[in-house]
**Student:** 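Here's a structure for you.
Just so you know, these numbers come straight off a predicted model, no measurement behind them.
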Protein chains: 2
Amino acid sequence: MEKIPLPTVRRLPAYLQILRAEQSRKKEWTSTTMLSESLRLKAIQVRKDMSYASCQGRPKKGFNTSECIRRIEHILGLANDCEAVLIGVGSLGSALLKYDGFSRYDMYVGAAFDSSPFLIGTTIGEVKVHDVDFLETYIRRTAVSYAILTVPETGAQEIADRLIASGVRGILNFSSTYLKTPEHVIVRRDDLALSLVQLKAEVKFHQKPEVIISRPSHPIT
Amino acid sequence: MEKIPLPTVRRLPAYLQILRAEQSRKKEWTSTTMLSESLRLKAIQVRKDMSYASCQGRPKKGFNTSECIRRIEHILGLANDCEAVLIGVGSLGSALLKYDGFSRYDMYVGAAFDSSPFLIGTTIGEVKVHDVDFLETYIRRTAVSYAILTVPETGAQEIADRLIASGVRGILNFSSTYLKTPEHVIVRRDDLALSLVQLKAEVKFHQKPEVIISRPSHPIT
DNA sequence: GTATGTGAAACCATTCACAGCA
DNA sequence: TGCTGTGAATGGTTTCACATAC
């Protein structure tokens with residue numbers, strides 16, 4: 001199989017979303033043009049990505065929607081349900097527990113953890129909140145590989161260490177901390193403030209580039 | 001002034017965070033080594049970024065912390081406070097209103113908007129919730145340039161259109177919708193489910209690359 | 001004609017190698 | 001020796017040009 005560039009892999013979920021929408025509208029074929037217009041990407045890039053993903057289309061028609069969906073789902077490993085745990089049931093943590101979007105990619109939050117006696121035992125958005133002392137036991141028992149970290153900054157590193165020691169391979173970190181983790185663990189940092197300031201910086205450069213930045217091809221928005 | 005690569009611009013806020021922490025610890029000088037270890041970046045990359053940002057350091061000492069902070073703040077345009085509005089006071093919207101991290105980058109949410117009579121008039125985390133009908137008036141009056149969109153998918157495009165018509169230049173979109181926007185508006189999409197599935201995909205490729213992906217140098221985690 | 005497919009070229013970012021300075 | 005600074009080389013991604021299929 002061919003080598004797929006990381007940026008391409010990151011765009012695949014976006015294609016998947018559009019393709020699924022097309023499928024639910026009973027469209028058998030989806031063209032590059034359609035995908036590129038929906039996602040604001042250059043048509044040529046979509047075609048190249050499809051080619052990397054070994055999706056094959058037909059001239060004049062486009063790509064077979066269902067087949068393409070299957071290919072992408074396979075590459076992303078979405079075939080079967082995938083559980084994540086969430087640690088830190090503050091306002092952001094609670095919002096994520098109520099969030100229903102994860103199922104779009106066949107993922108779900110199976111359990112939440114906190115140390116507050118007021119929260120332990122409660123259920124938020126169908127997810128039960130456990131005592132954080134139970135964290136290691138739960139992860140080992142269920143062999144969960146992914147964790148969503150919504151704890152205050154000060155506790156983030158400690159919890160991360162415990163997650164990793166218990167076998168977690170991927171951490172979605174919403175705290176502003178930069179976690180120290182071993183090579184084999186992937187951390188993705190989703191810093192809300194950072195998102196906003198990056199947006200601001202890009203707007204600034206876009207309108208009056210007193211500092212000139214390159215705009216090779218912006219990521220999917 | 002020199003052209004700064006977009007990836008560099010995106011790393012600047014991270015440097016800023018570390019530099020500020022150093023400053024508050026009264027460290028006059030900050031070295032590349034220190035920055036690179038904190039952020040898990042290669043030292044050479046940090047130096048190159050600093051060079052792009054026209055920060056100049058001294059051999060053996062490093063970079064002057066305060067001066068470097070000023071440079072980066074200037075490039076990112078953080079000099080003065082910057083307001084954003086938030087639309088959609090659901091659970092995620094509320095969490096963001098209570099979130100106190102924006103001030104790290106001298107930004108704040110000045111007003112929130114929703115259509116629910118139960119929310120209009122209330123104050124969440126010091127931010128007042130207004131009737132969404134008041135949106136255009138508020139934006140025009142205060143000349144706000146940034147908006148955080150935490151509305152359900154179905155309403156996202158309509159609100160975006162109204163924001164843009166009122167003069168907003170940057171939208172932080174938390175809905176899963178891909179917005180159609182004119183060239184001059186920057187949209188940054190922060191899809192929570194997408195983050196998790198991207199994390200999963202990267203973990204998958206990292207452990208058993210049946211599909212091989214390139215790993216040039218991952219973004220800051 | 002219209003849309004896919006692919007090797008080559010262009011472009012951008014990262015890394016290297018080595019220079020300079022305290 | 002330890003750290004910054006920079007032009008050149010490398011590596012990866014996007015884009016182009018053109019071939020191909022219906």
**Student:** Would you say the side-chain atoms of B:Asp191 and B:Ser176 include a donor-acceptor pair closer than 3.5 Å?
**Tutor:**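 Looking only at side-chain atoms, B:Ser176 and B:Asp191 do not form any donor-acceptor pair under 3.5 Å.
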**Student:** Send over the distance from A:Met50 CE to D:dT15 P, rounded to a whole Å.
**Tutor:**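 Rounded to whole Å, this separation is 16 Å.
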**Student:** Look at B:Arg162 together with B:Glu158 and state whether they make a salt bridge at an N to O cut-off of under 4.0 Å.
**Tutor:**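 Salt bridge present between B:Arg162 and B:Glu158.
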**Student:** Round to a whole Å and report the spacing from CZ of A:Arg10 to C1' of D:dT14.
**Tutor:**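 Whole-Å distance recorded here is 16 Å.
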**Student:** Under 4.0 Å between a side-chain nitrogen and a carboxylate oxygen: does that hold for A:Asp190 and A:Arg188?
**Tutor:**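 A salt bridge is present here (some side-chain N lies under 4.0 Å from a carboxylate O).
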**Student:** For each nucleotide in nucleotides 16-22 of chain C, reading 5' to 3', give B when a protein heavy atom comes within less than 4.0 Å of its base, S when such contact involves only the sugar-phosphate, and - otherwise.
**Tutor:** BB--BB-
**Student:** Exactly one of B:Arg71, B:Lys42, B:Arg11 should register a salt bridge (Lys or Arg N to Asp or Glu O under 4.0 Å) with B:Asp49. Which one does?
**Tutor:**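 With B:Asp49 as partner, B:Arg71, B:Lys42, B:Arg11 yield a single salt bridge (Lys or Arg N to Asp or Glu O under 4.0 Å), made by B:Arg11.
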**Student:** Using a heavy-atom distance cut-off of less than 4.0 Å, which residues of residues 19-35 of chain B contact DNA chain C?
**Tutor:**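 Under 4.0 Å from DNA chain C: no residue of residues 19-35 of chain B.
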**Student:** What is the minimum heavy-atom distance between A:Ala156 and A:Ser175, and which atoms define it?
**Tutor:**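 Closest heavy-atom pair between A:Ala156 and A:Ser175: CB-OG, 3.6 Å.
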**Student:** Could you state the atom-to-atom distance from CG of A:Asp49 to C1' of C:dA3 in whole Å?
**Tutor:**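 From A:Asp49 CG to C:dA3 C1': 17 Å.
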**Student:** Of the candidate nucleotides C:dG5, D:dT13, C:dA13, which contains the atom at the shortest distance from the side chain of B:Pro5?
**Tutor:**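 Looking only at side-chain atoms, B:Pro5 lies closest to C:dA13.
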**Student:** Round to a whole Å and report the spacing from CZ of B:Phe63 to C1' of D:dG2.
**Tutor:**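 After rounding, the reported distance stands at 14 Å.
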**Student:** To the nearest angstrom, how far is A:Lys61 atom NZ from C:dT2 atom C1'?
**Tutor:**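 Checked: the NZ to C1' distance equals 14 Å.
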**Student:** Output the rounded distance in Å from CD1 (A:Ile4) to P (C:dT6).
**Tutor:**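 It works out to 14 Å between those atoms.
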**Student:** Taking only Lys NZ, Arg NE, NH1 and NH2, and the carboxylate oxygens of Asp or Glu, determine whether B:Arg20 and B:Glu73 approach each other closer than 4.0 Å.
**Tutor:**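 Judged by the 4.0 Å cut-off on N to carboxylate O distance, B:Arg20 and B:Glu73 do form a salt bridge.
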**Student:** Measure from the side-chain heavy atoms of B:Ser51 and tell me the nearest of D:dT6, D:dT14, C:dA13.
**Tutor:**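 Nearest to the side chain of B:Ser51 among the choices is D:dT6.
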**Student:** Grab the CD-C1' distance between A:Glu67 and C:dT4 for me, whole Å please.
**Tutor:**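 Value for this atom pair: 14 Å.
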**Student:** Starting from the C-alpha separation in whole Å, work towards a yes-or-no answer on side chain to side chain contact (heavy atoms under 4.5 Å, CB included) for A:Val168 and A:Tyr146.
**Tutor:** CA-CA 6 Å; A:Val168 161; A:Tyr146 308 95; 5.8 Å; no
**Student:** In this structure, how many angstroms lie between the C1' atom of C:dA13 and the CG atom of B:Leu41, rounded?
**Tutor:**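 Nearest whole value for this atom pair: 13 Å.
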**Student:** Taking the six-membered ring for Trp and the single ring otherwise, decide whether the centroids of B:Tyr99 and B:Phe102 are under 6.0 Å apart.
**Tutor:**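 Centroid distance B:Tyr99-B:Phe102: below 6.0 Å, so yes.
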**Student:** Side chains of A:Arg189 and A:Tyr178: any donor to acceptor distance under 3.5 Å?
**Tutor:**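 Result is yes, a qualifying pair exists.
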